[in-house]
Number of protein chains: 2
Amino acid sequence: MLETEIHRPVETFFHSRFFRGISADELQPLANICKRKQVPAGTCLVRQHSPASQVYSVISGALMLERSSRNGKRQVIGFSFPGDLIGITSNQEFEYSVIALKESHLQVFPHREFLDIIDNNSNFKSRVRVTGCNILAHTLDQLFALGQKKAHERLCFLLQQISLRQPGSNPDVIDLIMNRQDIADYLGLTIETVSRAFTKLKNSNIIHIESAHKVRVIDRLILEELASAH
Amino acid sequence: MLETEIHRPVETFFHSRFFRGISADELQPLANICKRKQVPAGTCLVRQHSPASQVYSVISGALMLERSSRNGKRQVIGFSFPGDLIGITSNQEFEYSVIALKESHLQVFPHREFLDIIDNNSNFKSRVRVTGCNILAHTLDQLFALGQKKAHERLCFLLQQISLRQPGSNPDVIDLIMNRQDIADYLGLTIETVSRAFTKLKNSNIIHIESAHKVRVIDRLILEELASAH
DNA sequence: CGCACGATTGACGGAGCTCAAGCCGCGTGG
DNA sequence: CCACGCGGCTTGAGCTCCGTCAATCGTGCG
């Protein structure tokens with residue numbers, strides 16, 4: 001894991017959707033406090049209950065947010081893709097661990113300074129609020145899925161999520177960066193049930209499984225119908 | 001449902017924990033835009049997908065937040081008690097419906113003006129952020145319960161939640177303001193399973209059921225152990 | 001007192017969990 | 001280049017917990 005100072009033009013590093021359309025002048029204060037970090041696949045970027053002293057912006061790669069309990073149970077909270085922010089919280093501690101699923105590049109900001117700069121710029125301010133609301137909205141969707149849906153419907157929910165949020169232009173080819181255990185812990189199921197749900201969707205001609213980690217959407221309408229929370 | 005202007009001293013209405021310790025001078029701008037609302041038990045205060053144009057502060061009573069899908073499934077998101085804020089979002093629409101479980105009194109603020117005032121006062125600003133984070137933290141706890149816990153453990157989670165958040169000084173006597181269907185939809189179970197979970201906890205001498213809506217905690221340590229997400 | 005509705009209990013079936021075996025893709029080494 | 005082994009995924013068999021359906025209980029209210 002290496003952290004380096006930025007010595008290049010500001011705009012180069014702020015391609016995240018969070019910063020889109022904000023002028024270089026406004027970005028400069030953030031650039032001044034920004035470092036970069038590169039983490040290999042499998043590393044733990046943030047440990048649950050550690051002090052929330054950094055804010056991260058994902059530049060490339062993919063990460064997983066998770067919570068674990070003492071008795072070994074784990075709930076995967078979500079996945080972070082390029083453009084996502086991690087660690088915008090007002091609590092003292094991180095609510096979850098963050099683990100890199102692939103090698104990932106991130107921007108790192110000191111938490112306190114980040115919020116100070118955000119607070120003094122109304123463009124940023126509203127974006128941070130929207131980001132927070134989006135996170136909550138996603139968590140509520142997931143809650144609905146876990147509380148009210150069957151195994152194969154939950155899987156549709158996950159596929160839909162990834163399909164819409166993964167980088168790249170073709171949402172019909174889904175790149176499953178996580179393994180089956182991660183999916184199971186995200187959906188509140190076991191790996192066996194996840195596997196059976198995959199074959200069920202395959203046999204219903206809703207998806208085509210090109211490999212264990214690559215899925216093609218055949219019938220998007222039905223996928224959405226099964227995934228939807230409304 | 002009646003809405004009235006405030007003509008009494010400011011402090012009278014701002015006893016919510018959200019406003020605690022903030023001076024009358026600072027509260028005045030909020031008082032100026034504040035109306036009151038009283039809703040009888042069973043009323044729908046906010047309808048899912050309606051424009052998020054109000055912020056509410058609960059003065060007395062109890063409310064339930066829920067999401068419904070077209071096919072009739074419902075997920076209860078949480079419960080609001082005196083001192084809670086409802087509707088702090090940056091989205092255009094409410095993410096959920098809000099229904100009064102008892103007759104409830106609320107303060108009502110226009111959304112836009114509320115946020116403007118909040119943004120110009122650093123005391124408020126940090127409190128709003130903390131409130132948002134607490135809501136997310138609670139939702140994550142619930143997510144963990146639905147994903148990883150068995151029926152009777154989920155029930156312990158709910159009892160623990162209410163016990164800690166309900167008004168009144170004695171956390172060992174739990175007032176179940178909601179009915180069994182509400183509990184079931186909160187925990188992702190059916191009413192029958194909820195009922196069986198109650199008798200299971202009763203037979204294990206963890207709780208005593210005084211009536212269908214009043215429960216006494218016998219063994220708080222075990223209750224916490226079963227409820228905990230860590 | 002009797003009705004009505006909500007809560008509880010019982011019997012049964014099924015979705016998903018557990019345990020175990022088999023399969024597949026991939027990397028390593030002969 | 002192929003044999004082998006390993007780890008992750010899939011499939012199968014049996015069991016368990018929870019959902020479903022139905023009957024009963026209990027409490028509050030007209």
Side-chain angles (χ1 to χ4, degrees), chain A residues 41-42 64 71-76 99 101-102 145-159 174-204 206-216 226, chain B residues 40-42 64 71-76 99 101-102 145-159 174-204 207-216 226:
Chain A
M64 175 171 64
N71 57 10
K73 292 189 181 272
R74 181 179 77 140
Q75 178 64 48
V76 173
I99 287 144
L101 290 169
K102 301 179 179 182
L146 296 210
Q148 308 299 329
K149 287 182 172 300
K150 295 197 185 295
H152 70 283
E153 297 171 322
R154 298 190 203 180
L155 182 55
C156 288
F157 167 71
L158 170 70
L159 293 175
I174 298 176
D175 183 22
L176 294 170
I177 44 189
M178 66 296 288
N179 64 30
R180 292 295 189 269
Q181 187 62 59
D182 297 333
I183 295 177
D185 289 342
Y186 179 76
L187 300 176
L189 301 168
T190 59
I191 45 172
E192 294 93 336
T193 304
V194 169
S195 195
R196 284 184 244 270
F198 267 115
T199 48
K200 182 167 185 173
L201 295 182
K202 182 185 74 185
N203 292 339
S204 317
I206 298 170
I207 60 172
H208 178 240
I209 299 175
E210 313 210 333
S211 76
H213 293 271
K214 184 154 283 185
V215 168
R216 182 181 296 275
L226 292 173
Chain B
M64 176 171 63
N71 56 11
K73 291 189 182 273
R74 180 179 79 139
Q75 179 64 48
V76 173
I99 286 143
L101 290 170
K102 302 179 178 181
L146 296 211
Q148 308 300 328
K149 286 180 173 300
K150 295 198 186 294
H152 69 284
E153 297 171 322
R154 298 190 204 180
L155 182 54
C156 288
F157 168 71
L158 170 69
L159 293 176
I174 299 176
D175 182 23
L176 293 171
I177 45 190
M178 66 295 288
N179 64 29
R180 293 294 189 267
Q181 187 63 60
D182 297 333
I183 296 177
D185 289 344
Y186 180 76
L187 300 176
L189 300 169
T190 59
I191 45 172
E192 294 92 337
T193 304
V194 169
S195 197
R196 283 184 245 273
F198 268 115
T199 50
K200 182 168 185 171
L201 295 183
K202 182 186 72 184
N203 293 339
S204 316
I207 60 172
H208 177 240
I209 300 176
E210 314 210 334
S211 77
H213 293 273
K214 185 154 282 184
V215 168
R216 181 182 295 276
L226 292 173

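All values derive from a computational prediction rather than experimental measurement. In what follows, chains carry the letters A, B, and so on, assigned in the order in which the sequence lines appear, proteins first and then strands, with residues in each chain numbered from 1.
- Distance check, rounded to the nearest 0.5 Å: CG of A/L226 to CD of A/E153 gives 6.0 Å.
- Across D/dC18, D/dT10, C/dA7, the shortest atom-to-atom separation from the side chain of B/L189 is found for D/dC18.
- Per the geometry, NZ belonging to B/K200 stands 16 Å off P belonging to C/dT8, to the nearest Å.
- Annotation: cation-pi geometry not satisfied between A/R74 and A/Y186 (NZ/CZ under 6.0 angstrom from ring centroid, within 45° of ring axis).
- The nucleotide whose nearest atom lies closest to any side-chain atom of B/R180 is, among D/dC18, D/dT10, C/dT8, C/dT8.
- In this structure a side-chain-to-backbone donor-acceptor pair under 3.5 Å is present from B/N203 to B/T199.
- A/R180 places a side-chain N or O within donor-acceptor distance of the main-chain N or O of A/A212, the cut-off being under 3.5 Å.
- A donor-acceptor pair under 3.5 Å is absent between the side-chain atoms of A/R216 and the main chain of A/H208, judged by distance alone.
- The interatomic distance linking A/I209 (CD1) with C/dG25 (P) rounds to 13 Å, in whole Å.
- A straight line from CG of B/N179 to P of C/dT8 spans 11 Å, rounded to a whole angstrom.
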How does protein contact run along nucleotides 20-30 of chain D, one letter per nucleotide 5' to 3', with B for base contact, S for sugar-phosphate only, - for none, heavy atoms under 4.0 Å? BB---------
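- Between A/R154 atom CZ and C/dC17 atom P the separation is 8 Å, expressed in whole Å.
- The CG atom of A/D185 sits 11 Å away from the P atom of C/dC17 (whole-angstrom rounding).
- Using a 4.0 Å heavy-atom cutoff across all strands shown, A/S211 reaches no nucleic acid atom at all.
- Results of the side-chain contact (heavy atoms from CB on, under 4.5 Å) test with B/V194 over B/I183, B/D185, B/N179, B/D182 single out B/I183 as the only residue that passes.
- For the pair B/K202 NZ and C/dA7 C1', the interatomic distance rounds to 11 Å; values are reported in whole Å.
- Not a single donor-acceptor pair under 3.5 Å links the side chain of B/S195 to the backbone N or O of B/I191.
- Two residues, B/H152 and A/I191, neighbour DNA chain D, and the one matched to the more 5' nucleotide by heavy-atom proximity is A/I191.
- Rounded to whole angstrom, the span from the CD atom of A/Q148 across to the C1' atom of D/dG19 amounts to 13 Å.
- Contact annotation: A/H213 does not reach the phosphate of C/dG25 (side-chain N/O to OP1 or OP2, under 4.0 Å).
- Atom C1' of nucleotide D/dC9 and atom CG of A/D182 are separated by 13 Å, given to the nearest angstrom.
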